[in-house]
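To keep things clear, I will list the structure first and then write my remarks on it.
Values in this document were obtained by computation on a predicted structure and should not be read as measured data.
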Amino acid sequence: MNFGFRRLSIIDIDNGNQPLSYENERYWIIFNGEIYNYIELRKELIDEGYVFTTDSDTEVILALYSSKKEETVQKLRGMFAFVIWDKIELKLFGARDHFGIKPFSIVSKMMLLTLHQKKRVF
């Protein structure tokens with residue numbers, strides 16, 4: 001599995017590069033968006049024993065996925081689209097926010113998946 005990503009850095013500019021891995025590179029993520037409740041989720045996960053190496057909301061998604069798998073999406077508040085690759089289970093999981101603010105497209109013939117911002121001309 002190969003991921004490529006160009007990131008607009010807002011949170012944890014120095015350490016939140018993507019694709020980002022977690023749990024000894026078991027989980028890999030590309031993520032577009034912002035998780036509004038990531039600080040609260042991070043505190044809950046730390047209380048459960050999870051360890052973080054960045055201050056990014058991206059790593060919080062990975063830790064939450066490690067804990068809750070697909071139920072992760074129900075805990076997230078924000079605008080987002082992401083894909084997580086589990087290299088042990090060989091499973092790809094993707095999701096977007098409940099309102100569909102962040103685009104998430106799959107083109108099956110080419111096996112291409114995109115998470116993108118729409119270009120706008122003003």
When hydrophobic residues are tied together by side-chain contacts of less than 4.5 Å, even through go-betweens, does [X] share a cluster with [Y]?
X: Ile39; Y: Val60; answer: yes
X: Leu62; Y: Ile88; answer: no
X: Tyr27; Y: Phe52; answer: yes
X: Tyr50; Y: Leu64; answer: yes
X: Ile46; Y: Leu41; answer: yes

Identify the heavy atoms of [X] and [Y] that sit nearest to each other, and give their distance.
X: Gly33; Y: Asp57; answer: O-OD2, 4.3 Å
X: Thr54; Y: Arg42; answer: O-NH1, 2.8 Å
X: Val73; Y: His98; answer: O-NE2, 3.4 Å
X: Glu25; Y: Trp28; answer: O-NE1, 2.9 Å

Taking atom CD as the centre, does Glu71 end up with more than 12 heavy-atom neighbours from other residues, nucleotides or ligands that are less than 6.0 angstrom away?
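No, because the 6.0 Å sphere around CD of Glu71 holds 12 heavy atoms or fewer from other groups.
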With rounding to the nearest 0.5 Å, note down the distance linking [atom1] in [X] to [atom2] in [Y].
X: Thr58; Y: Tyr38; atom1: OG1; atom2: OH; answer: 9.5 Å
X: Asn24; Y: Lys87; atom1: CG; atom2: NZ; answer: 9.0 Å
X: Glu34; Y: Asp97; atom1: CD; atom2: CG; answer: 11.5 Å
X: Glu40; Y: Arg77; atom1: CD; atom2: CZ; answer: 11.0 Å
X: Ile30; Y: Leu20; atom1: CD1; atom2: CG; answer: 12.0 Å

Would you check if [X] and [Y] make a side-chain contact, meaning some heavy-atom pair closer than 4.5 Å?
X: Leu90; Y: Trp85; result: yes
X: Gln74; Y: Lys68; result: no
X: Tyr22; Y: Glu59; result: yes

Using ring-ring contact (aromatic ring centres under 6.0 Å, His included) as the criterion, list what pairs up with Phe80, not counting sequence neighbours.
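Phe82.
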With sequence neighbours excluded, tell me which residues meet ring-ring contact (aromatic ring centres under 6.0 Å, His included) with Phe93.
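Counting only residues at least two positions away or on another chain, Phe93 forms a ring-ring contact (aromatic ring centres under 6.0 Å, His included) with Tyr65.
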